[in-house]
Amino acid sequence: MHELAIISGVVDMVVERTAGRRVATVHLQVGQLSGVVADAMLFCFEIATAGTALDGATLQIDPVPGRAACRTCGQDFGVDDLILLCPCGSADVRITAGRELLVTAVEVEAKSCA
Amino acid sequence: MCLTCGCGDEENVRVTTIDRPAGLDPAESGPAATAAPAQHHDHHHPHQHNHHHDRGPGSDQDQHARLHHPADLERIELGVSLLAKNDHLAEHNRNWLAGHNIVAVNLMSSPGSGKTSLLERTITEHAQFDHAGWSEVCVIEGDQETVFDAERIRRAGARAVQVNTGAGCHLDAPMVQRAIEMLDPRPGALLFVENVGNLVCPALFDIGERAKVVVISVTEGDDKPLKYPQMFSAADLVVINKTDLLPYVDFDLERFAEQSRSLNPGVSIIALSVRDGTNMTAWYEWLSRR
């Protein structure tokens with residue numbers, strides 16, 4: 001539900017950083033524990049980019065699986081949700097990956113062609 | 001606007017003060033008349049740039065045909081958070097509040113859990129329990145529409161501004177910044193921000209608060225933490241309200257606490273009843289420690 005607001009912020013930021021050059025692809029890293037739904041962002045992207053330098057651009061989302069480290073037994077393990085429980089039974093767990101929400105890179109029209 | 005969920009953009013957000021003499025018809029100073037100017041700083045705000053792109057179908061098609069050829073493309077590494085803009089403004093809010101010794105508490109819940117009632121009771125009786133010596137208690141109210149809640153707060157004896165998000169489903173840092181500018185809390189104040197009733201979206205948006213509080217009522221069921229994990233994972237405190245109704249509903253306090261702590265081991269939990277006053281002192285003590 002909040003994905004349009006987030007994508008609108010991304011569009012504004014990319015427009016600022018690329019000085020109005022036409023953008024072909026936006027690369028995002030979206031952690032699977034981040035609370036942001038990739039499909040919803042893809043759906044909103046076309047609406048959010050209409051009439052901007054990103055109009056017609058592709059949104060490339062790289063999902064980042066959740067991982068956690070147990071402070072009790074030291075184990076590093078995959079997590080599919082926010083329930084912080086190590087296979088050893090400990091709940092003293094730290095999330096090490098999966099919360100990423102990053103604009104990693106953009107591909108823009110080369111200056112020589114502008 | 002998002003056609004799926006109805007999320008709006010900032011142009012539809014209205015900030016309204018009802019801090020004026022009692023009896024004045026709220027309609028007299030409707031949203032358009034009282035909307036605060038957003039800019040008192042150097043940031044760019046969304047949706048205000050001018051677009052002069054050639055939108056002719058032929059030219060667009062040609063341009064994109066060229067763009068999709070990799071040789072014409074330049075890759076720019078960014079590594080910027082998707083929430084960078086919001087988080088930056090949230091940090092602004094946080095610094096301003098800290099500089100004025102103001103404690104801001106973000107209240108989040110489903111609609112109808114009793115956030116406004118909790119605030120009304122807190123405003124009415126906090127002075128009896130207030131160990132922190134707040135200079136005032138004031139409130140930023142968030143709702144999609146109406147100034148009903150801000151009027152309730154005003155009647156309870158505190159200053160309030162209402163943020164109407166239009167179609168938006170949460171408060172974000174720029175909206176709260178505008179509301180703070182309009183409310184202008186006194187140094188040393190306790191500032192509540194009552195978020196839009198929604199257990200999903202508000203969890204992601206930092207508004208510059210000192211603490212996040214999730215309010216849940218026993219009529220909503222004890223399985224909410226696992227259904228809305230982001231919200232409970234982000235909370236500093238969970239308030240379980242309407243405990244006076246426990247005899248009439250199947251709400252297992254232990255099960256609820258267990259689920260909350262499986263997501264957020266360090267979270268504080270206070271079960272209380274705003275209606276009959278049970279355990280309200282625990283809430284005031286928690287507030288005094290912020």
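Throughout, a chain's letter reflects where its sequence line sits, starting with A, and its residues are numbered from 1. This is a predicted model, so every value here is computed, not measured.
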Open item on the list: With heavy-atom distances below 4.5 Å as the criterion, would you say the side chains of I83(A) and L263(B) are in contact?
Closed with: yes
Open item on the list: Heavy-atom cut-off 4.5 Å, strictly under: side chain, backbone, both or neither for L28(A) against chain B?
Closed with: side chain
Task: Side chain / backbone / both / neither for F205(B) at chain A, heavy atoms under 4.5 Å - done: side chain
Task: Greater than 12 external heavy atoms within 6.0 Å of E145(B)'s CD - done: yes
TODO: Sequence neighbours left out, what passes side chain to side chain contact (heavy atoms under 4.5 Å, CB included) with R75(B)? Give chain and number order.
DONE: H27(A), A105(A), E107(A), E77(B)
Task: A91(A) versus P265(B), closest heavy-atom pair with distance - done: O-CG, 3.9 Å
Task: Minimal non-hydrogen separation, Q230(B) against L33(A), with atom names - done: NE2-O, 2.9 Å
TODO: Can you tell which part of L85(A) gets under 4.5 Å to a heavy atom of chain B, answering side chain, backbone, both or neither?
DONE: neither
Open item on the list: Using 0.5 Å steps for rounding, measure from the CG atom of N264(B) to the CG atom of L84(A).
Closed with: 8.0 Å
- [ ] Kindly give the heavy-atom pair with the smallest separation between L82(B) and V10(A), and that separation in Å.
- [x] CG-CG2, 3.7 Å
Task: Nearest-0.5 Å distance, CG of residue N198(B) to NE2 of residue H2(A) - done: 9.0 Å
Task: Closest heavy-atom pair and its distance - I76(B), R21(A) - done: CD1-NH1, 4.3 Å
TODO: Could you grab the distance from atom OG of S81(B) to atom CG of L101(A), nearest 0.5 Å is fine?
DONE: 6.0 Å
Open item on the list: Take a 6.0 Å sphere around CD of E91(B) and say whether it holds more than 12 heavy atoms from other residues, nucleotides or ligands.
Closed with: yes
Open item on the list: Return the CG to CG distance between L82(A) and L226(B), rounded to the nearest 0.5 Å.
Closed with: 10.0 Å
Task: Which atom of S34(A) lies closest to which atom of L204(B), heavy atoms considered - done: O-CD2, 3.3 Å
Task: Proximal component of S233(B), with respect to chain A [non-hydrogen, under 4.5 Å] - done: side chain
- [ ] Can you spot which of L102(A), I6(A), V36(A) makes a side-chain contact (heavy atoms from CB on, under 4.5 Å) with L83(B)?
- [x] I6(A)
Task: Approximate separation, where rounding is to 0.5 Å, of L78(B) CG and R17(A) CZ - done: 6.0 Å
